[in-house]
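Here is the naming used below: chain letters follow the sequence lines, and residue numbers restart at 1 for every chain.
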2 protein chains.
Amino acid sequence: MTEAQKLLKDFPDIFHILTNHMDAKKMRKTSERYYILNEIYKLNTHFDVDTLFKNLSDTSYRISRATIYNNLELFLECGLIVKHHFGQNLSLYEKSFGYKQHDHFICNQCQSIIEFCDPRLHQIKKSLEEILNVTVDSHSLYLYGKCSNEKCQKGIPQRKIK
Amino acid sequence: MTEAQKLLKDFPDIFHILTNHMDAKKMRKTSERYYILNEIYKLNTHFDVDTLFKNLSDTSYRISRATIYNNLELFLECGLIVKHHFGQNLSLYEKSFGYKQHDHFICNQCQSIIEFCDPRLHQIKKSLEEILNVTVDSHSLYLYGKCSNEKCQKGIPQRKIK
DNA sequence: GTAACTGCAAACACTTTGCAAAGGA
DNA sequence: TCCTTTGCAAAGTGTTTGCAGTTAC
């Protein structure tokens, strides 16, 4: 087991999902892949590519943006992360293994994000599969509005993320 | 009433919503605004900025992309259109007045879009407002999967929109 | 007349691509 | 060794901005 692979020792399930996927697809187990995934799973927030790039730059590894983009694609395939578009033209990602499936409420005023889960969504998916004769693999649900923050309820002007 | 304004004679409600909004905000009633909105309401599909630009270029009006972007923002404010991010880094818009609120199923294989409506979503919104003490103004729900097309169910590789 | 609006082109920000070099298998 | 993957820089793509010229009011 290489140095990079050892980094994931705190996340054995993740390690195996990634490794098995690469075996199955006859892909190379490069250290970059483990470094990037480790960095993602250390985070507890939604993140964009640039943030990830900067976090990795702060370590002793120098990993290019191109490599990050390539491997996010790989992690998406494995279901280890999910990709979001929270309204802006910016992709945000989030680790997704071992975390309860959830959706997002986004405050239009302060851009804060609240996660929630509602079983009725699963029912909607089931109904749709029957009615339209389709297969539903995944979904994204975003609710937009004003959060409970007093200033937001009063309608203080919106600011952009970043 | 100008030539441009007359174009919207088939959509009197739309005309008034836009005109009232501009009056209220002391904005100018430029012909471009009516031309663009007319073009949008003639469409019965989701559209991107480039398509709209090309459609407008085919008429005798030459309207720049910058102006289109500016005014889509205005129409969004009025609630005359809605903006979607169907997974790709491309914004798609859709006229929204007088059309039943609906959501979208997107086929990962052939990229076809099916619209649907489920009342349970409204219940989810209501619950969330109570539980989180927030105000929900709008939402977006996308379900992804494979449509009933035989080829899609077999998993023919995905192609990009456009 | 004058401030809001438009058109153009340049700038921007995020993402993808091409290719030489590196390094798993 | 072979061929996938990486890093870099350049190109691409959708969107925004700056500014001079235009036009609604």
Side-chain angles (χ1 to χ4, degrees), chain A residues 1-5 18-19 21-37 46-54 56-57 59-77 83-93 159-162, chain B residues 1-5 18-19 21-37 39 46-54 56-57 59-77 83-93 158-162:
Chain A
M1 185 174 275
T2 68
E3 275 309 305
Q5 292 175 12
L18 178 61
T19 304
H21 185 91
M22 291 190 294
D23 279 339
K25 292 244 184 168
K26 304 213 191 316
M27 300 173 80
R28 292 186 179 168
K29 300 175 195 66
T30 65
S31 53
E32 286 81 0
R33 290 176 169 156
Y34 292 101
Y35 286 138
I36 298 171
L37 192 58
H46 306 94
F47 60 92
D48 59 23
V49 171
D50 209 55
T51 305
L52 191 56
F53 175 74
K54 282 177 184 140
L56 284 163
S57 298
T59 69
S60 46
Y61 325 115
R62 188 104 327 169
I63 295 178
S64 74
R65 283 191 171 77
T67 301
I68 292 176
Y69 279 107
N70 281 338
N71 287 314
L72 287 178
E73 206 59 41
L74 166 64
F75 302 153
L76 280 171
E77 273 175 30
K83 186 174 182 177
H84 297 292
H85 295 269
F86 291 119
Q88 262 75 16
N89 282 312
L90 172 71
S91 298
L92 288 181
Y93 298 83
R159 65 175 168 76
K160 277 203 176 180
I161 290 173
K162 290 186 70 169
Chain B
M1 186 174 274
T2 67
E3 275 310 305
Q5 291 174 14
L18 178 61
T19 304
H21 186 91
M22 291 190 293
D23 279 340
K25 291 244 184 167
K26 304 216 190 315
M27 301 172 83
R28 291 187 181 169
K29 299 172 194 69
T30 64
S31 53
E32 285 81 0
R33 289 175 169 157
Y34 292 101
Y35 286 138
I36 298 171
L37 193 57
E39 204 60 35
H46 305 95
F47 60 92
D48 59 22
V49 170
D50 209 55
T51 304
L52 190 56
F53 175 74
K54 281 176 185 141
L56 283 163
S57 299
T59 69
S60 46
Y61 324 117
R62 188 103 331 169
I63 295 179
S64 73
R65 283 192 171 76
T67 300
I68 292 176
Y69 278 107
N70 281 339
N71 288 314
L72 287 179
E73 205 60 42
L74 167 63
F75 303 152
L76 279 171
E77 274 175 31
K83 186 175 182 176
H84 297 291
H85 295 269
F86 291 120
Q88 262 74 16
N89 283 312
L90 171 71
S91 298
L92 288 182
Y93 298 82
Q158 183 173 347
R159 65 174 169 78
K160 277 202 172 180
I161 290 174
K162 289 182 71 170

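- Protein atom CG of A:L18 is 12 Å distant from nucleotide atom P of D:dT5, rounded to whole Å.
- Residues B:L72 and B:L52 meet the side-chain proximity criterion, which asks for heavy atoms closer than 4.5 Å.
- Rounded to whole Å, the distance from NE2 on A:H85 to P on D:dT15 is 12 Å.
- Side-chain atoms of A:R33 never come within 3.5 Å of backbone atoms of A:T19 as a donor-acceptor pair (strictly under, hydrogens ignored).
- Following rounding to the nearest Å, B:L90 (CG) and C:dC14 (P) show an atom-to-atom distance of 17 Å.
- A:D23 comes within contact range of no nucleotide atom at all, as no heavy-atom separation falls under 4.0 Å.
- Residue-to-nucleotide proximity on DNA chain D shows that, of A:R33 and B:Q5, the 5′-proximal contact is made by A:R33.
- For A:N71, a side-chain nitrogen or oxygen approaches OP1 or OP2 of D:dT6 to under 4.0 Å.
- Closest to the side chain of B:Y69, from the set D:dG14, D:dT5, C:dT16, is D:dG14.
- A:D48 and A:T51 are linked by a side-chain donor-acceptor pair at a separation below 3.5 angstrom, with hydrogens and angles left out of the test.
- Distance A:M27 CE to C:dG24 C1': 13 Å, rounded to the nearest Å.
- Computed from coordinates, the B:R62 CZ to C:dA9 P distance equals 13 Å when rounded to whole Å.
- Using a 4.5 Å heavy-atom threshold, the side chains of A:T30 and A:Y35 count as separate.
- A donor-acceptor contact under 3.5 Å links the side chain of A:R28 to the base of D:dC3.
- Listed nucleotides: C:dT15, C:dG7, C:dC5. Nearest to the side chain of B:T30: C:dC5.
- One can place NZ of A:K25 at 17 Å from P of C:dA25, the figure rounded to the nearest angstrom.
- D:dG14 atom C1' lies 14 Å from atom CG of B:L52, rounded to whole Å.
- Each of B:R65 and A:S91 lies near DNA chain C, and the nucleotide nearest B:R65 is the one positioned closer to the 5' end.
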TODO: Evaluate the criterion side-chain contact (heavy atoms from CB on, under 4.5 Å) for residue pair A:F53 and A:T67; output intermediate values, then yes/no.
DONE: CA-CA 10 Å; A:F53 175 74; A:T67 301; over 6 Å; no
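- In this structure, of D:dC25, C:dG7, D:dT5, it is D:dC25 that holds the atom nearest to the side chain of B:K29.
- Distance B:L72 CG to D:dT16 P: 10 Å, rounded to the nearest Å.
- Listed candidates were D:dT6, C:dG7, D:dC8. Nearest to the side chain of A:T67 is D:dT6.
- The side chain of A:E32 sits closest to D:dT6 out of C:dG7, C:dC14, D:dT6.
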